[in-house]
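The first residue in the sequence is number 1, and the count goes up from there. Atoms within each ligand, like the ligands themselves, are counted from 1 in listed order.
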Amino acid sequence: MITEVFILQKVTLILGDGIGPEIAEAARRCVEAAGAAIEWDIQHAGSDIMETQGTPLPEATIRSIEQTGLALKAPITTPVGTGFRSINVHLRQHFDLFACLRPCKSYPGVRSRFNDIDLVVVRENTEDLYAGIEFEKDTDAAAELIDWINAHSDRRIRADSGISIKPISVANTERIVQFAFDYARKYGRRKVTSVHKANIMKHTDGLFLEVSRQVAQRNGDIEFEDRIVDNMCMQLIQKPELYDVLVLPNLYGDIVSDLCAGLIGGLGVAPGANIGAGKAIFEATHGSAPKYKGLNKVNPTALILSGMLLLRHLEMNREADRLEGAVAAVIAEGTSVTYDMKPRRDDPTAVGTREMADAIIAKM
Ligand code: NAD
């Protein structure tokens with residue numbers, strides 16, 4: 001007798017804080033209803049667990065991601081000024097999640113100025129002006145650096161300046177551009193566009209462009225082109241249909257991914273992922289919206305669609321299609337959707353987070 005053995009894929013589910021636990025629960029239920037054979041390891045991070053365990057990122061959460069290699073993560077608050085530093089940034093650095101992936105796709109029924117958008121933004125996550133190498137105005141280090149630059153450059157930096165450093169390396173550009181090509185190939189996309197400001201920043205963006213071209217030569221089966229970032233922003237508004245997969249250094253990637261989220265109707269529907277070698281964390285683009293905590297009010301779509309990206313990453317394509325189809329159907333009907341998807345924000349027919357998830361599950 002042949003016995004069929006079912007292997008469950010282990011995935012860490014991080015509940016986060018603010019609206020996190022509510023949307024995490026909605027996303028978990030929807031992913032399960034799609035038929036995905038997933039065993040969740042439920043873990044915590046953020047201000048709620050800080051209150052009970054004295055740390056916003058328990059060792060058990062890190063260990064779980066180390067073991068599973070995969071997480072679906074609800075948003076986590078980053079307190080301004082005092083408090084702990086960003087857990088989101090810490091997780092990206094700890095696991096070297098060098099690629100931030102933001103697929104931006106229109107779903108009929110979402111209120112937006114644009115329709116038929118289907119873009120993928122691949123943002124380098126580890127270097128550029130975002131690397132956090134900064135020198136505060138009026139410190140000894142800033143003064144020393146300014147003196148050195150003034151001695152070695154034909155340009156002058158004023159003494160009352162603060163300085164942020166923009167490193168861009170060959171190795172990290174190679175791996176992000178190769179990631180973009182691999183993604184394009186795996187998901188049947190036709191073109192990769194490298195975005196830069198190489199005409200002005202020749203030794204950083206210029207290097208990004210040069211390495212992009214070298215990587216493109218090794219990936220001749222996918223079309224390649226480049227665009228200067230300001231022109232790219234204008235073209236994304238005027239003719240987004242010309243573009244497919246965009247690969248960008250960290251700072252431009254941050255800005256352009258929000259621009260593209262705007263094209264598809266905003267943060268409530270924008271999923272994402274941070275991916276490294278052998279590890280990936282899937283999460284919504286939006287934050288923890290603390291003012292809505294515990295109100296069963298916010299839109300769970302972005303985290304549910306992040307769950308859909310997780311399923312595609314696992315090549316559970318049948319389940320991913322089922323989940324995406326159900327989300328699209330509920331949005332298109334426009335009945336069982338949260339307040340932000342109604343024509344007026346005070347629409348009394350808006351449903352809660354839980355009820356929108358119920359409606360999605362009912363479509364599968
Ligand atoms: P936010 O995205 O949490 O909320 C901004 C506004 O967007 C909210 O007030 C709400 O009106 C709306 N909104 C957000 N998510 C929504 C949803 N699912 N449904 C309906 N409306 C929604 O941005 P913020 O207020 O700037 O940030 C709050 C906290 O989240 C900050 O501490 C920030 O650092 C953190 N944050 C975390 C992540 C993450 O965990 N990856 C990402 C962004 C921000």
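Against a heavy-atom cut-off of under 4.0 Å, N299 is close to the following atoms of ligand 1: 17 (C), 18 (N), 19 (N), 20 (C). When each atom of ligand 1 is checked for a heavy atom of E283 under 4.0 Å away, the hits are 39 (C), 41 (N). Those atoms of ligand 1 with a heavy atom of P75 less than 4.0 angstrom away are 40 (O).
Of the N and O atoms on the side chains of E124 and N172, not one donor lies less than 3.5 Å from an acceptor on the other residue. No hydrogens or angles considered: a donor-acceptor pair under 3.5 Å links the side chains of E324 and Y107.
Scanning all protein heavy atoms for the shortest distance to atom 31 (C) of ligand 1 gives T78 N, 4.0 Å. Summary of contacts: the protein heavy atom closest to atom 13 (N) of ligand 1 is A289 CB, 4.5 Å. Protein heavy atom in closest approach to atom 40 (O) of ligand 1: I76 N, 2.9 Å. Of the protein's heavy atoms, Y292 CE1, 3.6 Å lies nearest to atom 10 (C) of ligand 1. The protein atom (non-hydrogen) at minimum distance from atom 22 (C) of ligand 1 is Y339 OH, 4.4 Å.
Contact annotation for atom 3 (O) of ligand 1: protein present (non-hydrogen atoms, distance under 4.0 Å). Distance remark: protein heavy atom present below 4.0 angstrom from atom 29 (C) of ligand 1. Not a single protein heavy atom sits closer than 4.0 Å to atom 26 (O) of ligand 1. By the definition of a contact as any protein heavy atom under 4.0 Å away, atom 38 (C) of ligand 1 is in contact.
Remark: R227 is not positioned above the aromatic ring of Y243, lacking an NZ or CZ atom under 6.0 angstrom from the ring centre and at most 45 degrees off the axis.
By the criterion of a heavy-atom distance under 4.0 Å, the side chain of N88, and not its backbone, is placed next to ligand 1.
R156 contributes a side-chain N or O that, together with a main-chain N or O of N150, makes up a donor-acceptor pair within less than 3.5 Å.
The aromatic rings of Y339 and Y292 are tilted relative to each other, their planes meeting at an angle between 30° and 60°.
Around atom CD of E144, no more than 12 heavy atoms belonging to other residues, nucleotides or ligands sit under 6.0 Å away.
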